[in-house]
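One structure is given below, encoded as structure tokens.
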Amino acid sequence: MALIGKVAVVTGAAMGLGNAMTRILLQNGAKVVLLDVNNTAGENFQEALHKEYGSEKTFFFKCDVESEQQIKAALKKTTEAFGGIDILCNNAGILNEGEWEKTVSINMVALFRVTYLALEYMNKLNGGRGGVIVNTASMAGLIPLLSCPVYTATKHGVVGFTRAMSLASKASGYGIRFNALCPGFVQTDLFINIPKRLGQFSNLADETLKLVDKFKVLTVTQVAESFLELVTDETKDGEALIVLPDGTSYMEFPVLC
Ligand SMILES: NC(=O)c1ccc[n+]([C@@H]2O[C@H](COP(=O)([O-])OP(=O)(O)OC[C@H]3O[C@@H](n4cnc5c(N)ncnc54)[C@H](O)[C@@H]3O)[C@@H](O)[C@H]2O)c1
Ligand SMILES: CC[C@@H](O)/C=C/C=C\C[C@@H](O)/C=C/C=C/C=C\[C@@H](O)CCCC(=O)O
């Protein structure tokens, strides 16, 4: 899928992985709508992008993915400004085992909601153009992370949702591919203050740091390059792409005959 002229929406776009995804989409010719709850970071990023790519290629909306009203408004304005949506990157996420209900709400409930609201514009059965939805999961969506049970559960939920939606889309004719991105540890804000994020599991901080030493840490650019494959390669549908510093691979799931 060539990205020239395509319209992408990225949640959690202001910082970290979302920021790198936005950049690689722009570099490949897409227009990108940036959604983020952090207004200052979002406006600063938009200003930088306007200088680099011109003001007609991007715009930023302050949008909390937990708010149905804000998502609806952002998607409506996106289609009014750019004529449709071809690519959705459900990337906003947090890791806070202390505030575990909020972790479920943002990482899973909000991701489902944004997807369903975006389908109203993207689904070919609703007059949309079809396209691709990439959900940011994690290695913790495939293998449990001992100090983060709720984060692990949300990311397993994202992988399961992605795979089931891919099947639903194929069987119904939505014209939309669904893929999950599963990076290991990535150098972003989510990765700092590890003990503080672990809540009642802070006693497992040292064990967690041993895992970080074992798996090593990715840069956002490395992850964005792998993300691009899920967006552009039309053969990738219902996949979970593992991204680690020593390479990438597609998860092989059991098949029941
Ligand atoms: N950093 C890692 O090691 C790592 C590894 C695997 C997966 N991930 C996943 O990558 C995604 C991005 O995380 P990151 O590491 O870039 O973190 P980050 O904290 O650097 O960036 C997250 C972005 O999401 C935004 N955000 C948070 N809550 C939001 C909300 N309610 N509505 C809208 N925007 C919101 C933040 O403002 C921020 O800009 C997350 O889903 C995370 O779980 C991260
Ligand atoms: C380190 C805890 C926290 O503060 C920061 C986490 C940052 C990213 C979390 C997540 O998205 C990445 C998870 C990566 C997990 C990698 C491997 C383990 O799940 C596998 C451990 C089991 C094993 O030893 O094989």
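Numbering of ligands and ligand atoms starts at 1, following listing order. In this chain, residues are counted from 1 in sequence order. A quick note: this is a predicted structure, and the numbers were derived from the prediction, not measured.
Below 30°, between 30° and 60°, or above 60°: for F191 and F185 the angle between ring planes is between 30° and 60°, a tilted geometry.
Counting atoms of ligand 1 from 1 in the listed order, those under 4.0 Å from a heavy atom of G16 are 16 (O), 20 (O). Residue-ligand proximity, S138 to ligand 1, at heavy-atom distances under 4.0 Å covers atoms 6 (C), 7 (C). Atoms of ligand 1 lying under 4.0 Å from any heavy atom of G93, numbered from 1 in the order shown and given with element: 40 (C), 41 (O). Less than 4.0 angstrom separates some heavy atom of D64 from each of these atoms of ligand 1: 30 (C), 31 (N), 32 (N). Within ligand 1, the atoms closer than 4.0 Å to a non-hydrogen atom of N38 are 37 (O), numbered from 1 in the order shown. Listed by number with element, the atoms of ligand 1 under 4.0 Å from a non-hydrogen atom of T136 are 9 (C), 10 (O), 11 (C). Ligand-side atoms of ligand 1 in range of D189: 19 (O), 20 (O), range being under 4.0 angstrom from any heavy atom.
The closest donor-acceptor contact from the side chain of N126 to the backbone of G128 lies at 3.5 Å or more, if one exists at all. Judged by distance alone, the side chain of N179 and the main-chain N or O of K236 form a donor-acceptor pair under 3.5 Å.
Minimum heavy-atom separation, A224 to M21: CB-N, 4.3 Å. In terms of heavy atoms, A180 sits closest to L230 at O-CD1, 3.7 Å.
Close to ligand 1: K155, with a non-hydrogen atom less than 4.0 angstrom away. At least one heavy atom of A137 lies less than 4.0 angstrom from ligand 1. Contact analysis puts P183 in contact with ligand 1, with a non-hydrogen atom separation below 4.0 angstrom. Under a 4.0 Å heavy-atom criterion, G184 is in contact with ligand 1.
Heavy atoms of L17 found under 4.0 angstrom from ligand 1 belong to the backbone as well as the side chain. At a 4.0 Å heavy-atom cut-off, ligand 1 touches N91 through backbone and side chain alike. With a heavy-atom cut-off of 4.0 Å, C63 touches ligand 1 through its backbone alone.
Salt bridge E52/R23: present, at least one basic N to carboxylate O contact under 4.0 Å. Of the charged side-chain nitrogens involved, at least one lies within less than 4.0 Å of a carboxylate oxygen, so that E66 and K102 count as a salt-bridged pair.
Heavy-atom proximity to atom 42 (C) of ligand 1, evaluated over Y151, F61, F45, is greatest for Y151.
Between N107 and ligand 1, not a single N/O pair is under 3.5 Å apart. Residue contacts with ligand 1: F185 is placed with no nitrogen or oxygen under 3.5 Å of a nitrogen or oxygen of the ligand (distance criterion only). Considering backbone and side-chain N/O of V186, one or more are found under 3.5 Å from N/O of ligand 1.
Summarising the local packing, CD of Q27 is surrounded by more than 12 heavy atoms from other residues, nucleotides or ligands at distances under 6.0 Å. Within a 6.0 Å radius of CD in E80, other residues, nucleotides and ligands contribute more than 12 heavy atoms. Within a 6.0 Å sphere centred on CD of Q69, heavy atoms belonging to other residues, nucleotides or ligands number 12 at most.
In summary, of the residues considered (N107, T11, N135), a side-chain hydrogen bond (donor to acceptor under 3.5 Å, both in side chains) with N90 occurs for N135 alone.
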